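First the proteins, then the strands, lettered A, B, ... as listed; each starts at 1. What you see is a predicted model, and the numbers here were worked out from it, not measured in a lab.
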Protein chains: 2
Amino acid sequence: MDEVPGTSDRILEVAGQLAQRRGFNGFSYADIAAALKITKASLHYHFATKADLGRALIARYTERFQAALDALEGTPANILRRYVKLYEDVLVRDRMCMCGMFAAEYSTLPGPMRNELRRFFNKNEEWLARHLEQGRTNGGFEYEGSSVEMARMLTAGLEGAMLLARSFEDPKRFTATAERLLAELNVPSSRKRS
Amino acid sequence: MDEVPGTSDRILEVAGQLAQRRGFNGFSYADIAAALKITKASLHYHFATKADLGRALIARYTERFQAALDALEGTPANILRRYVKLYEDVLVRDRMCMCGMFAAEYSTLPGPMRNELRRFFNKNEEWLARHLEQGRTNGGFEYEGSSVEMARMLTAGLEGAMLLARSFEDPKRFTATAERLLAELNVPSSRKRS
DNA sequence: GTCTATAACGAGATAGAC
DNA sequence: GTCTATCTCGTTATAGAC
């Protein structure tokens, strides 16, 4: 395990970074080629069309995000704080959530990418709803109504907060909004010791 | 008043629609020209560069949005419900908030557009914080902490919810999340009579 | 698997006639 | 103000040699 990455992987790595910073319509094969010092033609060997590349980008992102979620441990409150921190880490590296980015570009995306995008949000929602449920049962979370609805509110809030924080070039704006969102669940700020 | 719109206005109207559906990088002068049945060269007479056009688009959007906000009337709870309905109306016409859209494209936008974008969000935040404050004083709103922070949470939630609703091609997803957000303020759903 | 070369198209933008 | 014509460049994509 942890082998030397092949060309396809390195393409996905660079393209992913570009996509998270500039959006799917904001980068080109030329950008990737320049970064990897190979030619555009070589890229097409690995990903015949940009739609193929886009689909692979989301699939990889979903897989990695899911792995990060599955690795989160602790009390329900701490798991949720660490979940928020995943977003924060993306932001401080000057990136946006890839799927939040692509969601904005939704109407210009090829069909296969749209489906892959929904898959990401569905998996995210499922994980979040499950952990909210657990937190309500035995983690001190307080909210009324469906956990799925609450998961959707949190996701919307976090994605929107990333968008706004980037527009103001101020990651702290994200942190503040994220803390307010958690406060709605009665999850105290990580700065206060619980 | 209510004069026949000149060419510049018609350009902004069409370009605005395209921008709200496909993003700033998702439409071209050719698209506008086709819709208005004039040539691309004519467009450049009115807006020399696309950056100029983009800046004018945000300025106009800000102005119109502000006018819509100032026209909202009723109890604090009803004003807030009508505020949410402004977003909803955009969504059901198959559009996204122009500035939410541009926020996603932030890193690819020309500098003048970035400044204009922040101006929009600042004005929106100011209006919202003011009305939240009023609602807390004499409208039954319940929340802790700063009204500005709460305004930012609401804006993030609403923008994010629009993004997600569009990805699932389901405006009801927005409505549900918006109601959850208002519920956090103790603003009851508009479906229940208060 | 990577290269050179090029096709085929669309983008933003300009010159200059009317 | 709007047009025709054109420029220059960037885009995705392909053919075929190595």
Whole angstrom value for the distance that separates P of dT14(C) from CG of Leu43(B)
14 Å

Examine dT2(C): is either OP1 or OP2 under 4.0 Å from a nitrogen or oxygen in the side chain of Tyr45(A)? Give yes or no.
no

Closer than 4.0 Å, any side-chain N/O of His46(A) to the OP1 or OP2 of dT2(C)?
yes

Side-chain atoms of His44(A) come closest, of dT12(D), dA13(C), dA5(C), to dT12(D)

Which nucleotide in dA15(D), dC3(D), dA11(C) has an atom nearest any side-chain atom of Ala41(B):
dC3(D)

Return the value, rounded to whole Å, for the distance between atom CG of Leu18(B) and atom P of dG10(C).
16 Å

Looking at Met150(A), is its backbone amide N or carbonyl O close enough to the side chain of Arg180(B) to form a donor-acceptor pair, meaning the two atoms are under 3.5 Å apart?
no

Base, sugar-phosphate or nothing for Phe47(B)? Non-hydrogen atoms, less than 4.0 Å.
nothing

Look at the side chain of Arg166(A) and the backbone N and O of Ala103(B), then say whether any donor-acceptor pair between them is shorter than 3.5 Å.
no

Check whether any side-chain nitrogen or oxygen of Ser42(B) sits under 4.0 Å from OP1 or OP2 of dG1(D), and answer yes or no.
no

Using the ring of each side chain (for Trp, its six-membered ring), is Phe24(B) parallel, tilted or perpendicular to Phe102(B), with breaks at 30° and 60°?
perpendicular

Should Pro110(B) and Glu116(B) count as side-chain neighbours, where that means a heavy-atom distance under 4.5 Å?
no

Look at the aromatic rings of Tyr61(A) and Phe65(A) and report parallel, tilted or perpendicular, splitting at 30° and 60°.
parallel

Whole-Å distance separating the CD1 atom of Ile38(A) from the C1' atom of dC18(D)
17 Å

In degrees, rounded to 10°, what is the bend between the two ends of the helix from dG1(C)-dC18(D) to dC18(C)-dG1(D), using five pairs at each?
0°

For the pair made of NZ in Lys50(A) and P in dA13(D), what is the distance, rounded to whole Å?
9 Å

Can you check the Asn25(B) CG to dG10(C) P distance for me, whole Å?
18 Å

Using a cut-off of 4.0 Å on non-hydrogen atoms, how would the nucleic acid contact of Ser28(B) be classed: base, sugar-phosphate, or nothing?
sugar-phosphate

In whole Å, I'd like the distance from the CD1 atom of Ile32(B) to the P atom of dG10(C).
17 Å

note: Ile11(A), atom CD1; dG1(C), atom P; distance rounded to Å ~ 11 Å

Pick base, sugar-phosphate or nothing for Tyr29(B), based on heavy-atom distances below 4.0 Å to the nucleic acid.
sugar-phosphate

Using atom types as modelled and distance alone, determine if a side-chain donor or acceptor of Asn115(B) lies under 3.5 Å from a backbone N or O of Pro112(B).
no

Atom-to-atom span, NZ of Lys40(B) to P of dG1(D) - whole angstrom:
22 Å

Do Ser42(B) and Thr39(B) come within less than 4.5 Å of each other through their side chains, counting heavy atoms only?
yes

Geometric class of the His44(A)/Tyr29(A) ring pair [parallel <30°, tilted 30-60°, perpendicular >60°]
tilted

So, is Thr39(B) near the phosphate of dT2(D), with a side-chain N or O under 4.0 Å from OP1 or OP2?
no

According to a strict under-4.0 Å criterion, is Thr7(A) in side-chain N/O contact with OP1 or OP2 of dT2(C)?
yes

